[in-house]
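To start, the structure under review is shown below, and the notes come after it.
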Amino acid sequence: GCAAQPGSDIPTSSQPRRGGRLRVAFAGGGAQETLDPHLANLFLEASRSKAMFDKLADYGADVSIVPRLASKWEAGKGLSTWRVTLRAAAFHDGRPVRAADVLHSYARIADEKRTFRAKANLALIDLRNSRAIGDRTVEFALKRPYAEFPNVLAAFGAYIVPEGADEFSRPVGSGPFAFGSFQPGRSLLLKRFAGHWDGAPYVDELEYLIANEESARVNAVLGGQAEYAHDLTPATARTHENGGRMAVVRLSNSGMQAFAMKVDRPPFDDPQLRQAMFLLADRSQMVDSVLSGAGQPGNDLFGKDYLYYAADLPQRTPDLERATWLIDRAGAKGMRIQLDTSAAASGFIEAASVFADQARQAGLDITAKTGNKDTYWADVLNKGTICCYRSGAMPIETHISQRLLSHSTTNATKWARPEFDALYDKAVGTGDETRRRALYLDMQRTLHAEGGFLVWGFADWLLGTSPRLRGVVNAPANTLDWARFDKVWLG
Amino acid sequence: MNGPDAVERPDAAERPDAAERPDAAERPDAVERPDAVERPDAAERPGSVVRASAGKGAVWLRRGLGVVLMGVPLVIALLGPWLAGAPEPRGVSFAAVAPLGTDFVGRDVWEQVLLGGRSVVSVAVLATLLAYAAGVPLGLAAALAGRSRLDEVLMRPLDLLLAVPSLLLLIMLAALFSPGPAALVLIVALIGLPEVVRISRAAALEAAGGTAMQALRLQGETWWRRAVGYAGRSMLATLVADVGVRLVGALYLVASASFLGVGLPPDASDWAVMVDRNRTGMFLQPWAVLAPALLIVALSVGLNLTFDRAVRKGGRP
Amino acid sequence: MILQVDGLRAEVDGRALVDGVSFELAAGDVLALVGASGSGKTTTGLALLGEHAPGVRLSGTVRLAPGAVAYVPQHPSTVLNPVRRVGGVLREIARRRDVGEREIARRRPDAGERVLEAARQARLSVELLGRYPHQLSGGQQQRVVLAQALLLDPVLIVADEPTTGQDGLTRAEVIEEFRGLRTQGIALVLLSHDLAMVRTLADHVAVMRDGRVVESGPASDVLNAPRHDYTRRLLTTRLLPRSPEAPEPPRTAENPDGPDGRDGPDAPAVVPAGVPLIEVRGLVAGHRRAGVLREVSLSAAAGECVAVVGRSGSGKTTLARCVAGLHRPGSGTITMNGEPLPRRLPARARDVQYVFQDARASFDPYRPVSAQVARTAVRLRGASPAQAAAAARAMLDRVGLDERTTARRPAALSGGELQRAALARALLAEPKVLICDEITSGLDALMQAAILDLLDGLCRDLGLTLLLISHDPDVVARLADRVVTLENGRITAQKARPTSPSAGTTSQSARITAQGAQITSESAQ
Amino acid sequence: MSLTRYALRRLLLGVVQVVAVATLVFVLTEALPGDAAVVLAGDIPDEERISRLREALELDRPAVERWAGWLAGLAGGDLGGSLVSGRPVAGVLAAGLPPTLVLAGLTLLLLVPVSVGAGVAAAVWQGGLLDRVLTTVTVGLYAIPEFALGVVLVALFAVRLGWFPPTAVGAPANLLEQPALLVLPLVVLLARPVCSISRLVRAGMIDALGSGYVAHARRLGLSLWRVRLAHALPNALAPAAQQLARTADWLLGGVIVVESVFVIPGLGTLLNDSVAARDVPVIQALCVLFAATTVAANLAADLASYRLAPAAAGTR
Ligand SMILES: Nc1ncnc2c1ncn2[C@@H]1O[C@H](COP(=O)(O)OP(=O)(O)OP(=O)(O)O)[C@@H](O)[C@H]1O
Ligand SMILES: Nc1ncnc2c1ncn2[C@@H]1O[C@H](COP(=O)(O)OP(=O)(O)OP(=O)(O)O)[C@@H](O)[C@H]1O
Ligand SMILES: [Mg+2]
Ligand SMILES: [Mg+2]
């Protein structure tokens, strides 16, 4: 369900109109960027890939899986083979999308020698034993039983490219827009693809403009140079919200904001101290100060409002007294703790600053250390004790498998428990939906009680759109309807 | 200006020290006037007496302007931390509450303003002083060396420093140095050093090539006295003009350095850091940017006006 | 009437520098202001243009006829723009747009030609026009300033010591040019110590002393029948040639052996009167590629005074600067007592001191003169600051400068006063060799005599070796034991003992030293 | 030694300097924490992934070997390929150069008359109202960070009044085709250098105006402004010329703030991006370019200094 909720004073009832060139402004990767959809990493690249290519499935607004190129999928016996049926669709050059294209695309992503982002998601597929059954059906063999296979089809960057494609200076895909022209670091011009299976876009042309500076994106919309500005700060949103020259769209629940404590080393190997941290955090103040109010408080769990989210667990509220008592018991009173932060994501520096203040009131001496923003993620993965952390939208299952299992490769909290791993294996090994839900709830209960993530909030993702632009819907970043331009129109 | 007829110049009244300036550039036109030039006795003209008393108030105001502009920020910087009181709980960021609203992390801007002057003044001033303390002698040495090998030995390595993009240098230093005010002062001074050397070298060249310099050498005068006492004195006006401006450059370098993780923490109470960090809310809650920016502007304008005055008072031979 | 001055007064802090000066000047008239060094001539001259030094207050009336007033300042180097080639400035003056009626009346042909004409009048050779001021010799700079004045087509020229840097021949030619100007109806105010020039040029003479005109009137009256005592003393003072029976140079520790006839292959023809204390051999020096000195050899014994004469631009100053260590020669040796002089300046400066031709430029404009003078004693003689100050006071006193004058910055001293201060500064180093580059050009006859007596005394009593550079044959005759003539960078003649050609006469031609009279191309190249 | 020979020697030294800078930068980037592989890995810094990336980018070869290879390539005019996009570095540079050249060129063109004019005016009427106003305005502008100035100007003149386009997004590759685009960036670029240079000109001018040669030039009947501009000014310019060279250097290095506020993808943005991506070949090539301009600017400034102080040029 994608509730259409465009910016404040735009009437939602207006009829879609054909035509025009839609210009959208994103922060970009500079002159070095490429159009290879499998290399997509930045929001800009994700949105461009989505415009030119399709995945087999994608995330809905609650991060459940919605079919795209795949019209349906069904598990074989034992959940270790999956049969996926493709719908009738065509690439921009007229060739139909076939099972061979799917296999080629997945093989390319999973290539041992390469490092595409979705590679980890696809690792479960035994491609050698997977095969095409006719042009429109693919049978995937998995390395072990896996109930959440549709998550793989929707993985970030798992786009379908034509068989043999390995060079993307003039990309050909099956998405709603076809390649027009490209100036690296400046702009990408796309043209409406009339033959798109999901209905052709309303606009004739789509131009991606690159403006790294937020103020420039906003000014481009205000000055009529663009119709859509991606990623605004809350302060900017508040500035222009009521000005009438730009509509602000809030994509709620787009980003988890957290502190990641490493549970395998002092001081946070002590559950009491983690508990104290959970209790001393004043989440609503964080949301107010750091997100300028553009978000909701978190409850130390990933994926608020997503499928399988444990919404029933009690919301934590600050309890300084108990936090202080716990800190005392943990023998950490007055302890100096270094909180790693950097400009790697917006809000990190502010979050560290505000949190350090709150911790001080409970008797902890937290100092923020600003690290290099470019290598931040690698730096904090194994080093330090507590760091700022954020995550975009993904299924809760993916979050767990990538970050919270003993063998997870990006386990920033060093959460490694055999009994937790077992729960996970059970969950993805059962085809029974209710049982799976119960298992996820169990896992989340453990994490809520003593996990390493202090999830203090969920940030809204903020967009600025020109009043002319209609049809922009509220969907968390990285989901299907976010930054999707085939269903919007210029009024 | 003080030809006998100069007392009639209207602007002379506004310049208390004008009577001592041999502003000869404007002088001789009087002689060329086609009609006979009458040069009346200046001492007997009542105008000169009236002028002195009438100009007094204006003169005081003008003298005061620079000092006031400079004084307010300095006083806030010095006394602010005592006036600030205990930190108040944070509010919503960029809220327009009294007196100056809140900043990007919901702190009270007025309190931040009170707290934020000390580091600005001390770090920027120290760094600038350090850059000058090292740069001016180097520049003088290079100038006095003429186009000799010493000049190359001094200047070419500094060219290297100039040629490395400062962004790279900053990131690099950020990675190497542990954050701290001392490191910050060093870094900012280091980045400013080559320019100081080049400018002081250029300013000293003329004095260095002059006869007086040779006379001083013939007197066995020490390098220090020749360079600093004579060449340094003759380029004082240039240096003062430069330092007045360079200080501000140092200030904002501190701010960008803090953003990259060098020196001050990125949420430090520091005017320059405040300007830099609160810019996202510039139109929402302008005071968070305006207040510290105005203080910095006042400080540098006041500094420049006062320096101008001091140099003018110091006079020329 | 071109100029009418009435009750001119200049004062500093209530002290009068010039007081009650009044005179009138008609077209084509020449008024000479003569008087003691520091008597207020320059101050008066500047006041005619409505100018004054900083801190000075002017009062009184100056009335001027329409037309340009040209000014030839006493110190040319301070008025030449260091970054402009001299020819460029001359052309600029010739082209200037605010042309008076006089110019329109006779439309001048062409700026370039006018520049050439002015340069010719000022005896400035054309090659020099492409140079920067610092690339010119003292005399050449002076002629540039003169050419500038002549280009102006003025009604009045105020010329402050216009010929001090010129050799006899050029001086005579310049005086001749001034005479020519008179016939064009240009009035001239001449501020000068050069009584011979005054005699040939002036219609009226005013004698100044301590800021007041003590006597004035037609030139013939004042010069031939002076009424005031001071004028009389000024006119009667004669520089007496050094007595023929020169004393044996004193045997100092440095040359105990006396003469030993060490004539090298290129030894001068005239044997110096004693063992050479300082010896220059085969000196070659120049600026960039242009050679100035070619194989100059020269020597001087202790206590001896060797005069170096020659035309302006012949390389005298360059030679002196080489000896002093301020200019690196291309080749050649300079030895003292057979030892090469130390290359490093402070060590060398203890033995060899140089008094700059341009006294004003050689002082730091920011510090009081007395303080600068005293530093020599501190640095080179190791005196304590207090001792140095006392020594400086004593030395300044000997050259006739009182404490009040020298407590001021250089800009507030007159040209002659600075020249004396510069001499005092060099003498404080108690050097073995003193090089004097035109040090008496700005002094009145009385003061000149006193200074030369002082130097003579130092030579005789302390064995000071003097290298004297001067265009004034009287000065040379007064002091020199030997005269060396420099021409185009070569030594062309040496004479054992000059006779004063000017003794008793004032004729111009006689004042040209015989040795320097060849009319050759200016440029040293 | 003549100035020509001096310049030649400096140019030769310059080549050495450029290579030295490139080496230094190589060492610096090597010493920077993290390499292109780590940066490319982004927020999924899986160790295996990083080592694969490293292999793919040939970062596993020893640094010295890569350095030698790069230098050999440079000697042959080959700048290599970008680590991130694989495109030839020369092409990447060529795309970033024109906007930077346009901005820098126009800024310098305007900067000289404006700053010299302001400096001269302030000196001529020293201590007067104009002087104070000029001091206050220029120093005040200087004390406002470029970013704030840029954003305020855009908000006022582009968004509110609509006189100029707010950014250059979607502009033609050749910025000169749309001059209105350049107005605000130029104003922002000029604000600071005008201050620093005009202050230096003013200080030098005040000294020069008080000198004997200026007084004498007036006596010689040259017009007031001619004396100020042709006689006093050249003597006042030496320090300003140095500062001008620094400014030129700064401008040619690309000005990140202005480029990002107005979305002009020039060399500054390119450097910023490639440092962020640890794209060593691009960084190296940029630094060679910057070092060359720095050496050239310094040489020009030094020659100007000697021309403006001929007496000093003559010594030794
Ligand atoms: N600014 C000043 N302040 C105080 N005294 C001054 C100042 N300028 C000049 N004097 C003094 O005024 C006197 C006259 O100076 P002036 O230059 O007119 O002398 P002069 O006759 O030209 O001497 P000379 O022949 O040595 O050049 C000197 O004693 C000098 O020291
Ligand atoms: N820096 C320089 N560069 C080039 N030529 C120079 C330089 N300085 C002096 N000259 C030239 O060298 C020659 C000798 O100059 P020098 O100053 O030694 O002459 P001088 O004999 O002292 O003359 P004067 O009697 O006029 O002072 C002159 O022709 C002069 O023009
Ligand atoms: Mg005089
Ligand atoms: Mg000479």
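Residue numbers start from 1 in every chain, and the chains themselves are labelled A, B, ... in the order their sequence lines are given, proteins ahead of strands.
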Against chain D, label A:D379 side chain, backbone, both or neither, depending on which of its atoms sit under 4.5 Å from a heavy atom there. neither
Any side-chain heavy-atom pair from A:N212 and D:T269 closer than 4.5 angstrom? yes
Tell me, side chain or backbone of A:N219 under 4.5 Å from chain D's heavy atoms, or both, or neither? both
Answer with side chain, backbone, both or neither: which region of A:Y389 has an atom nearer than 4.5 Å to a non-hydrogen atom of chain D? neither
Side-chain heavy-atom pair D:R87, A:S169 within 4.5 angstrom cut-off: no
Between A:R245 and chain D, with a heavy-atom cut-off of 4.5 Å, which part of the residue counts as in contact: side chain, backbone, both or neither? side chain
Which region of D:R160, side chain (C-beta onward) or backbone (N, CA, C, O), has a non-hydrogen atom less than 4.5 Å from a non-hydrogen atom of chain A, or is it both or neither? backbone
Where the side chain of A:Q225 meets the backbone of D:P165, is there a donor-acceptor pair that is under 3.5 Å apart? no
Given heavy-atom pairs under 4.5 angstrom as the criterion, report whether the side chain, backbone, both or neither of D:V159 touches chain A. both
At a 4.5 Å cut-off on heavy atoms, which part of A:K119 comes close to chain D: side chain, backbone, both, or neither? side chain
Any heavy-atom pair between the side chains of A:E213 and D:V263 that's under 4.5 Å? no
Where on A:S187 is there a heavy atom nearer than 4.5 Å to chain D: the side chain, the backbone, both, or neither? neither
Under 4.5 Å from any heavy atom of chain D - which part of A:R390: side chain
Is the number of heavy atoms from other residues, nucleotides or ligands within 6.0 Å of CZ (A:R170) greater than 12? no
Which atoms of A:T409 approach chain D - backbone, side chain, both or neither, heavy atom under 4.5 Å: both
Please report the shortest heavy-atom distance between A:A220 and D:T167, naming the atom on each side. CB-OG1, 4.1 Å
Region of A:E214 that comes under 4.5 Å of a non-hydrogen atom in chain D: neither
